[in-house]
Number of protein chains: 2
Amino acid sequence: MGISERREREKQELREKILEKAKEILIREGQDNLSIRNIATAIEYSPATIYLYFKDKDEIVYELMEMGFGKMTEELGDAFELPDPVERIRRIGQGYVTFGLKNPEWYDIMFNAPQPIQHLHKCQEEWGYGIQLFDFLVSTCDDAMQQNRTRKQDPRLVALHLWSTVHGLVNLSRSQRLEMVEQNHNDSLIQRTMESMLQCIFN
Amino acid sequence: MGISERREREKQELREKILEKAKEILIREGQDNLSIRNIATAIEYSPATIYLYFKDKDEIVYELMEMGFGKMTEELGDAFELPDPVERIRRIGQGYVTFGLKNPEWYDIMFNAPQPIQHLHKCQEEWGYGIQLFDFLVSTCDDAMQQNRTRKQDPRLVALHLWSTVHGLVNLSRSQRLEMVEQNHNDSLIQRTMESMLQCIFN
DNA sequence: AAATATAATGAACAGTGTTTAGTAAAGTCA
DNA sequence: TGACTTTACTAAACACTGTTCATTATATTT
């Protein structure tokens, strides 16, 4: 009988419509306006209906985080496949920061918001995308080390150094702290700082 | 006539009591529970009264940010006066990160929250404490450069590199992203990453 | 004591996430 | 087709949030 299958499909469709509208609200109105009621209005259902498709708001934000990682991975494009490890790191770093500066709402959900992590804890699951990205960075740092492009040390320390810096730069910009200490702060200052870091880590 | 002076004094006292209770709530219950109503209950006045002493909540959070800077400066202690610029940077960096990890609520208000910056915009004022700290860092980097302890370059880039990294580390820890990618993440991993950065910038 | 100036508040507004009891619709079977 | 069951949905409520404003209470001055 195809009825229960159709029902399953319809259920899936509404679930995806909720996420689609949530995404639109996030982009157009920001995280502050991403409320259950606003999503409900957008999909033309009552707020309570959303709870038949998602356990809570954390789960919706978690799904948005996954969408964000998809978007970022897409934008990073072929940077992952560059043969030279240092160039790989450079291009990934630039792409990461550019993504963060151009999509602060996405970035915030992916790397700052507590909701997705809360959801992972509730499900006892791992942060797949994050782990994947960090592990790739660690192994790329290891590649660079094998080629004597950087000092011998725990590659996780180099990876964390890199990640912290780009994360810090994006957040200092997003929180308006950078423009408070550097009036003529622009993307170039951030780019040059990144380059300064790369020059200092690799050779 | 001393009456208007006494009134002024009483007004100041209640204002400070509000901030004192706000601070207590922030420490004991976190930023999420720092609501006007909770403060009102704590000072045994109605919520509306608070608006006779502060323009809005942003102003209260701004004042807490200033308190936080006082607290941090205190904890950094004599690190500012170390004669060796690199040692100065090392100790300030360690103090900064330790403060951030031990006082996430304070740190968040000081370096992440939008409210204090919103307040500064409304008053058309500058971020005094932040500028002071960053400028000190820039000039310390300059000192190190004069002593040939680091490559010749714009000291602002080195300062921003340092700040971004420690800011990134504190935020990755605070947002639980670090423990998601490194199960046995502890303060030592962060400390070693900082040391790795210092080894790579200075000599 | 009456008039005035200051201080404080109750109640409301428009919002938030979430739960629950009850209703409407759809599917099943005689 | 009509009765029964299962599924889908929602109105209303709860306990919150920041903020404003008309009204009341208190303190000071005349």
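Below, read A as the first sequence line, B as the second, and so on, with proteins coming before strands; counting in each chain starts at 1.
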Tyr51(A) atom OH is separated from dC9(D) atom C1', nearest whole Å, by 15 Å

Short side-chain to backbone donor-acceptor contact, Ser196(B) and Arg192(B), under 3.5 Å: no

Output one line per pair: protein atom, nucleotide atom from nucleotides 10-13 of chain D, and distance, for all N/O pairs under 3.5 Å.
residue : atom : partner  : partner atom : Å
dT10(D) : OP2  : Ser46(A) : N            : 3.0
dT10(D) : OP2  : Thr49(A) : OG1          : 2.4

Ignoring the backbone of Leu14(A), work out which of dT18(C), dC9(D), dA8(D) is nearest its side chain. dC9(D)

Using five pairs at each end of the helix from dA1(C)-dT30(D) to dA30(C)-dT1(D) to define an axis, what is the angle between those two axes, to 10°? 30°

Using whole Å, what does the distance between atom P of nucleotide dG17(C) and atom CG of Asp32(A) come to? 11 Å

With Tyr96(B), which of Tyr107(B), Phe134(B), Trp106(B) fulfils ring pair (Phe, Tyr, Trp, His ring centres under 6.0 Å)? Tyr107(B)

Distance in angstrom units between Arg15(A) CZ and dC9(D) C1', rounded: 18 Å

Rounding to an integer number of Å, can you tell me how far Asn33(A) CG sits from dT16(C) P? 8 Å

Below 4.0 Å: OP1/OP2 of dA8(C) and any side-chain N or O of Tyr53(B): yes

Please state how far atom CG in Asp56(A) lies from atom C1' in dT19(C), giving the value in whole angstrom units. 13 Å

Could you tell me whether Arg15(B) and Glu59(B) have a side-chain N and a carboxylate O separated by less than 4.0 Å? yes

To the nearest angstrom, how far is Ile36(B) atom CD1 from dT20(D) atom P? 11 Å

Round to a whole Å and report the spacing from CD1 of Ile25(B) to P of dT17(D). 10 Å

Determine whether Arg90(B) and Glu87(B) satisfy the following criterion, salt bridge (Lys or Arg N to Asp or Glu O under 4.0 Å), listing intermediate values before the conclusion. CA-CA 5 Å; Arg90(B) 173 174 283 114; Glu87(B) 203 54 38; 3.1 Å; yes

For Arg177(A) and Ser175(A), indicate whether the former's side chain and the latter's backbone hold a donor-acceptor pair under 3.5 Å. yes

So what does Ile60(B) hit on the nucleic acid, given a heavy-atom distance under 4.0 Å: a base, only sugar-phosphate, or nothing? nothing

Side-chain donor or acceptor of Lys23(B) paired with backbone N/O of Leu64(B) under 3.5 Å: no

Rounded to whole Å, the CD-P distance (Gln118(A) to dT18(C)) equals 12 Å

Examine Phe99(B) together with Phe69(B) and report whether their ring centres are nearer than 6.0 Å. no

Classify the ring geometry between Phe136(B) and Phe80(B) as parallel (under 30°), tilted (30 to 60°) or perpendicular (over 60°). perpendicular

Do the two ring centres, one from Tyr53(A) and one from Tyr45(A), sit under 6.0 Å apart? no

